[in-house]
Asks: 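Starting off with a structure, shown below.
In each ligand, atom 1 is the first atom listed, and ligand 1 is the first ligand listed. Heads up: numbering here begins at 1 and tracks the sequence.
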Amino acid sequence: MTYEQAYQESLNSPEKFWAEAAKKVHWYNEWDKVLDDSDEHYKWFVGGCMNTCYNALDLHIHNGRGDQVALIYDSPVTDTKKKYTYKQLRERVAKVAGILANKGVVKGDRVVIYMPMIPEAVIAMLACARLGAIHSVVFGGFAAHELASRIEDAKPRLVISTSCGIEISNIIEYKPILDEAIKKSNHKPTTCLIWQRPQYKASMLPWRDVDWESEEEKARGVDPVPVLATDPLYILYTSGTTGSPKGVIRSNGGHSVAMKWSMDNIYNAKAGDVFFTASDVGWVVGHSYIVYGPLMNGCTTIVYEGKPVRTPNPSSFWRIIDEYKVNVLFSAPTAFRAIRKEDPQAQWLKKFNLDSLKTIFVAGERCDSDTLKWIEKITKKPVIDNWWQTETGWAIAANPMGLEPMAVKPGSPTKPMPGFNLKVLDENGKELPAGKKGALCLKLPLPPACLMGIWENDERYRRGYLDQFPGYYLTGDTGYIDKEGYVYVLGRMDGIINVAGHRLSTGEMEEIVSKHPDVAECAVIGVNDALKGELPMGFVVLKSGIERDYNGVIDGIVRLVRHEIGAVASFKIATIVNALPKTRSGKILRKNLREIADGLPLNIPPTIEDTNVLEHCKEAINALGYPQIKEKK
Ligand code: COA
Ligand code: AMP
């Protein structure tokens, strides 16, 4: 089948196309209906009965691959390397599922997982899937406030965490963050299962906390619990335009089908291949391509606890590829920009053999042509950009390397994948012709694995994604499609920014900055950054009448954002201004602030209230050293 045939069939006969793809998944009971589109939740494989963990582990053992390595843990920060075969991984997962069951966790219960990149994070996710419990993984770089808001929303019966994470050489004490989060949350989990690491021993609350290791020693493994295809597998919170994160719901059946289709057709990864996704289980890329996709396809997945650089040098990716004979590498462009910054001539790479590597995939943020070409040049491998989001769970646009590899156009994630009926719409919802920029929207229904809704918030689901253009899902990204059908993603329509591949909300940062007692009002924008893609920049107007040390105030604001969101916010640049530029109706002209900071031509709206305010902000931005002079490449 060619790409064009697959794409057309997926749009013309979606039920036929996805029913065929679903044959690769193990079902206890096949579905009654492939797609139920009777309401906006678009349920796939209705009535089908399966178990995601069975598909990820037991099925391979059943098929004779039990002694193949399923997971490699490589941790330069703790100097540890460990391998688990499918049998060994299943044994641990089944036992941990047994612990959860003993603590009263049943199908449909939520379990929050707050873990660094250690095998136990993957084991915890799969143990939940085995029981039909809904996991919600919270990225380790988030602080107590963020963790609390997720606990409050998901209402987990149980939380799984660890004593600490390790950031290069810093020990991040996770358990005290968890304790603080539970204190802040109105919902209290009954049990916390804690993996104690030797680097830091957490203190335990005897009435709530349970030691994972000793429980696992005495636990008995449990079998997978059959669930409906439409039962949720997980909730993954992601940034929206406001302070409260949105819980994206992903179902079991559609997800498994899309994972398998994408592994075969996009990533071209076969059973036995070694798949290395350098991301984090806290992000959707980690869910799909560290855990579920590779394991469902019988690959060996790598759990890497380290950075692309500084753990200990910029050769980590190359060393891992050589050492484990990696076939597919997947990371964010920012990781390669970090490597390039430290090793522009790729001297470190020369020590390693990349022969096993077939393809490098990048996602999570826009991949600039320059970075893409550099990776291609130094590795001599195809570099494939793919565009997606937490909500979709897999690539909206990609180059299907297992189906029909196409010519790469740097700057484009190639073409829409089957089931994603991508259109570019103008502000009135009218479809735009090739080459014209507009809102990137997906004609409904969305293919399997895409969000079934927002956890306990249908209103937010409709308002955020479906109401703007009836019949379409709003991705929130802008872009265009060229005459040859190649997609170009240009940026966001809302206050979401992408910092080192991490999705963050400027709206949330504004809410936090406004909490500072000296702040009258503020604006946070994203500005271009050569390493992280984007960085947040804050503009603060102070309340009048109080004597202040301006540096002290900025310092306090920076610490406040770090305390509330976490270090991952990378909020370090802020300035005090007399006023914020606004339209006559009071709308803050964030776009103009960004144009100044990025050195772009200014598009001042005729409705601006006072151009002097914008001039004043320009001086403040210049004083911060922006726009930054672009480095000569
Ligand atoms: N737990 C605790 N803290 C974390 C964390 C985690 N899991 N992940 C990041 N942080 C902290 C960092 O230590 C850093 O703290 P600091 O301000 O004290 O230095 C801060 O959050 C910002 O992190 P980050 O933006 O990742 O910057 P960095 O300088 O540590 O690393 C890169 C920069 C480019 C090397 C790194 O972002 C990277 O490897 N990115 C790969 C992309 C990726 O994984 N994207 C996910 C989606 S695909
Ligand atoms: P997240 O939900 O964290 O995966 O972030 C999704 C957002 O990241 C998308 O809506 C885009 O704005 C951006 N993004 C992800 N991948 C790409 C890509 N390949 N090209 C451009 N933007 C991307």
Asks: Please confirm whether P308 comes under 4.0 Å of ligand 1, counting heavy atoms of the residue only.
Replies: yes
Asks: Any atom of ligand 1 sitting under 4.0 Å from a heavy atom of V499?
Replies: no
Asks: Hey, does Y174 sit under 4.0 Å from ligand 1 if you only count heavy atoms?
Replies: yes
Asks: Just jot down the salt bridge (charged side-chain N to carboxylate O under 4.0 Å, His left out) partners of D426, sequence neighbours excluded, or say none.
Replies: none
Asks: Can you list everything that forms a salt bridge (charged side-chain N to carboxylate O under 4.0 Å, His left out) with R366? Sequence neighbours excluded, please.
Replies: none
Asks: Give the residue, atom name and distance (to 0.1 Å) of the protein heavy atom nearest atom 47 (C) of ligand 1.
Replies: G501 O, 3.4 Å
Asks: Heavy-atom distances under 4.0 Å are what count here, so tell me which part of Y289 touches ligand 1: side chain, backbone, both or neither.
Replies: neither
Asks: Counting from 1, what ligand 1 atoms have a heavy atom of F139 closer than 4.0 Å?
Replies: 5 (C), 7 (N), 8 (N)
Asks: Below 4.0 angstrom from a heavy atom of S279, which ligand 1 atoms are there? Numbered from 1 as shown, please.
Replies: 44 (O), 46 (C), 47 (C), 48 (S)
Asks: Just to be sure I read this right, does ligand 1 sit under 4.0 Å from the backbone of R310, its side chain, both, or neither, counting only heavy atoms?
Replies: side chain
Asks: What part of V362, side chain, backbone, both or neither, has a heavy atom within less than 4.0 angstrom of ligand 2?
Replies: neither
Asks: Check E365 against ligand 1 and report side chain, backbone, both or neither, counting heavy atoms closer than 4.0 Å.
Replies: neither
Asks: Relative to each other, are the rings of W283 and F139 parallel, tilted or perpendicular (30° and 60° limits)?
Replies: tilted
Asks: Under 3.5 Å, N or O to N or O, is W283 touching ligand 1 that way?
Replies: no
Asks: Closer than 4.0 Å and a protein heavy atom, does any atom meet both conditions relative to atom 36 (C) of ligand 1?
Replies: no
Asks: Hey, is ligand 2 close enough to R492 that some N/O pair sits below 3.5 Å?
Replies: yes
Asks: At under 4.0 Å between heavy atoms, is it the side chain or the backbone of W283 that contacts ligand 2, or both, or neither?
Replies: neither
Asks: A363 to ligand 2: N or O pair under 3.5 Å?
Replies: no
Asks: Tell me which part of M117 gets within contact of ligand 1: side chain, backbone, both or neither, using heavy atoms under 4.0 Å.
Replies: neither
Asks: How far is atom 20 (C) of ligand 1 from its nearest protein heavy atom, and which residue and atom name does that atom have?
Replies: A567 O, 3.4 Å
Asks: Look only at interatomic distance and state if E167 has a nitrogen or oxygen under 3.5 Å from any nitrogen or oxygen of ligand 1.
Replies: yes
Asks: Please classify the I496 to ligand 2 contact at 4.0 Å (heavy-atom distances, strictly less than): side chain, backbone, both or neither.
Replies: neither
Asks: May I ask you to decide if the ring planes of Y174 and Y114 are parallel, tilted or perpendicular, using 30° and 60° as cut-offs?
Replies: tilted
Asks: Below 3.5 angstrom, do we get any N/O pair linking D385 and ligand 2?
Replies: yes
Asks: Note the single closest protein heavy atom to atom 3 (O) of ligand 2, along with its residue, its atom name and the distance in Å.
Replies: R503 CB, 3.2 Å
Asks: Please compare G364, A500, A335, P314 and report which has the shortest non-hydrogen distance to atom 43 (C) of ligand 1.
Replies: A500
Asks: Check H502 against ligand 1 and report side chain, backbone, both or neither, counting heavy atoms closer than 4.0 Å.
Replies: side chain
Asks: Write out the residue and atom name of the closest protein heavy atom to atom 9 (C) of ligand 2, then the distance separating them to 0.1 Å.
Replies: D477 OD2, 3.3 Å
Asks: Please state which part of S570 comes within less than 4.0 Å of ligand 1, counting heavy atoms only: side chain, backbone, both or neither.
Replies: side chain
